[in-house]
Amino acid sequence: MHKLGRNEPCWCGSGKKYKACHLAFDSKLEDYYFKGALVPPRKLIKNAEQIEKIRKSAKVNIAVLDYVAEHIRAGITTEEINRWVYDVTTGFGAIPAPLNYEGFPKSVCTSINDEVCHGIPSENVVLQEGDIINVDASTILDGYFSDSSRMFCIGQVSEEKKRLVEVAKKSIEVGLAQVKPWGFLGDMGQAIHDFAKENGYSVVREIGGHGIGLEFHEDPWVSYVSKRGTEMMMVPGMCFTIEPMINMGTDEIFQDADNGWTIYTADGMPSAQWEIQVLITEDGYELISY
Ligand code: MF3
Ligand code: CO
């Protein structure tokens with residue numbers, strides 16, 4: 001690769017001189033690379049302008065889930081949630097990222113009870129008292145992507161399911177405590193897995209989080225059963241999701257053979273997932289969406 005001169009414009013597109021921008025960053029990254037760390041390629045490092053646009057997209061993403069939180073209740077169909085998400089998102093001039101994504105037919109994923117993720121909204125699915133549901137919204141604004149999801153308890157929910165939802169939420173905080181520049185994604189993955197196991201739960205292995213911002217799904221793929229000191233290094237400017245799927249029973253899952261999307265737990269026990277989007281900063285992280 002061409003070695004940039006100190007006074008040439010930085011590769012990140014900031015318009016600043018290299019020496020005033022990513023020069024020190026690059027030499028630090030190179031040191032880690034030669035020590036054997038998996039370091040991110042440049043295309044995963046967002047500059048200030050891109051970050052600002054991702055933040056704006058996330059504002060819409062958060063507003064969509066806030067709207068769902070205010071209106072969700074027993075008796076509505078998941079198709080109604082789909083309509084809310086479509087209407088609120090487009091009302092802000094944004095686009096629901098799932099719609100037509102690899103053939104996904106709706107604007108949001110709605111996953112109830114034993115559905116792990118990628119549930120498809122339907123006129124025929126009515127929310128029942130006692131259900132737990134994940135609503136996963138992803139937003140494109142001005143070409144920039146945001147993605148987060150929340151759990152909702154419908155009416156009176158069993159203590160068992162409530163605890164699952166709470167532990168899944170707490171697992172995000174436990175993971176976040178490991179999110180810092182020059183650490184490894186595996187530090188976060190192991191912390192989440194350990195915490196879920198301590199609580200008697202399992203973590204889905206095959207599906208994980210992802211880099212995000214300029215595209216819906218960028219590298220790295222993010223596991224929540226990884227090991228401390230492994231996986232990609234977290235460095236300032238990286239943006240990715242934390243979205244572990246926590247199962248009450250087995251970690252085994254299967255895919256709906258008819259719709260090709262929805263993932264279920266193999267034992268029919270409930271699964272819970274919260275999703276946030278974070279940006280790695282110079283001294284920690286910024287919560288971009290939640
Ligand atoms: N928010 C989900 C994820 O990336 C979206 C899955 S793709 C979809 O984790 F088409 F199903 F929406
Ligand atoms: Co996601």
Side-chain angles (χ1 to χ4, degrees), residues 44 54 57-58 60-65 68 78-79 81-86 88-90 94-112 115-122 125 133-141 144-152 168-169 171-172 175-176 179 185 188-189 192 203-226 232 238-247 253-264 271-279 285 287-290:
L44 301 184
I54 296 168
S57 173
V60 178
N61 190 242
I62 294 164
V64 167
L65 286 178
V68 171
T78 50
E79 177 58 30
I81 300 172
N82 180 62
R83 209 150 42 229
W84 298 340
V85 170
Y86 182 84
V88 175
T89 305
T90 55
I95 301 165
L99 190 57
N100 302 320
Y101 173 78
E102 292 185 4
F104 192 80
K106 299 287 178 174
S107 295
V108 64
C109 297
T110 51
S111 308
I112 303 176
E115 293 175 345
V116 172
C117 64
H118 304 165
I120 302 178
S122 162
V125 177
I133 179 174
N134 170 275
V135 178
D136 188 342
S138 316
T139 307
I140 316 172
L141 181 69
Y144 290 81
F145 290 79
S146 53
D147 186 5
S148 68
S149 80
R150 301 182 200 166
M151 293 298 297
F152 300 100
K169 182 160 200 188
S171 80
I172 300 277
L176 265 181
V179 173
L185 283 169
M188 184 258 293
I192 289 177
V203 178
V204 172
R205 315 186 79 93
E206 297 89 339
I207 311 167
H210 49 94
I212 179 166
L214 314 189
E215 291 172 51
F216 194 175
H217 298 111
E218 302 173 359
D219 282 340
W221 184 74
V222 183
S223 167
Y224 309 101
V225 293
S226 47
M232 195 178 280
M238 275 173 79
C239 193
F240 58 87
T241 66
I242 305 180
E243 50 174 320
M245 283 142 259
I246 312 289
N247 293 355
I253 55 173
F254 69 94
Q255 188 176 52
D256 191 302
D258 297 325
N259 72 28
W261 278 101
T262 309
I263 306 293
Y264 304 86
S271 180
Q273 176 186 31
W274 298 74
E275 175 178 15
I276 62 167
Q277 179 175 344
V278 294
L279 169 76
Y285 63 84
L287 198 50
I288 295 280
S289 200
Y290 49 85

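For reference, positions follow the sequence shown, starting with 1. For ligands, and for the atoms within them, numbers begin at 1 and follow the listed sequence.
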Checklist entry - Are the aromatic ring centres of His118 and Tyr264 under 6.0 angstrom apart? => result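 Judged by ring-centre distance (under 6.0 Å), His118 and Tyr264 do not meet the cut-off.
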Residue [X] vicinity, atoms of ligand 1 by number, heavy atom under 4.0 Å:
| X | result |
| --- | --- |
| Trp261 | 10 (F), 11 (F) |
| Ser138 | 1 (N) |
| His217 | 3 (C), 4 (O) |
| Glu243 | 9 (O) |
| His118 | 6 (C), 11 (F) |
| Phe216 | 4 (O), 5 (C) |

Counting only heavy atoms from other residues, nucleotides and ligands, does the tally under 6.0 Å from [atom1] of [X] exceed 12?
| X | atom1 | result |
| --- | --- | --- |
| Phe152 | CZ | yes |
| Tyr86 | OH | no |
| Phe216 | CZ | yes |

Any chance the side chains of [X] and [Y] put a donor and an acceptor closer than 3.5 Å?
| X | Y | result |
| --- | --- | --- |
| Ser149 | Asp136 | no |
| Ser271 | Asn247 | yes |
| Asn61 | Thr139 | yes |
| Asp147 | His210 | yes |

Checklist entry - Can any side-chain N or O of Asn82 pair as donor or acceptor with the backbone N or O of Val85 at less than 3.5 Å? => result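 Looks like no, no N/O pair under 3.5 Å.
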Could you see which bit of [X] sits under 4.0 Å from ligand 1, with heavy atoms only: side chain, backbone, both or neither?
| X | result |
| --- | --- |
| His210 | side chain |
| Pro98 | both |
| Ala97 | neither |

Item to check | Salt-bridge contact Glu79-Lys106 (side-chain N to carboxylate O under 4.0 Å) | outcome: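 Yes.
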Checklist entry - Hey, which protein N/O/S atoms does the Co ion (ligand 2) have under 2.8 Å? => result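 Near the Co ion (ligand 2), below 2.8 Å, one finds Asp147 OD2, His210 NE2, Glu243 OE2, Glu275 OE2.
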Checklist entry - What do you reckon, does Glu102 put a non-hydrogen atom under 4.0 Å from ligand 1? => result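 Outside the 4.0 Å threshold, so no.
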Checklist entry - To which protein heavy atom is atom 2 (C) of ligand 1 closest, and what is the distance rounded to 0.1 Å? => result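 Answer, as residue, atom name and distance: Asp136 OD2, 3.3 Å.
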Next on the checklist: Any nitrogen or oxygen of Asp147, side chain or backbone, less than 3.5 Å from one on ligand 1?
Outcome noted: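 By distance alone, the answer is yes.
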Item to check | Partner residues of Arg205 under the salt bridge (charged side-chain N to carboxylate O under 4.0 Å, His left out) criterion, sequence neighbours left out | outcome: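 Applying salt bridge (charged side-chain N to carboxylate O under 4.0 Å, His left out) to Arg205 gives Asp251.
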Checklist entry - side chain to side chain contact (heavy atoms under 4.5 Å, CB included) between Ile120 and Val125: does it pass, once the steps are laid out? => result CA-CA 10 Å; Ile120 302 178; Val125 177; over 6 Å; no
Checklist entry - Among Phe104, Phe145, Tyr101, which one has a heavy atom closest to atom 7 (S) of ligand 1? => result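 Result: the heavy atom closest to atom 7 (S) of ligand 1 is in Tyr101.
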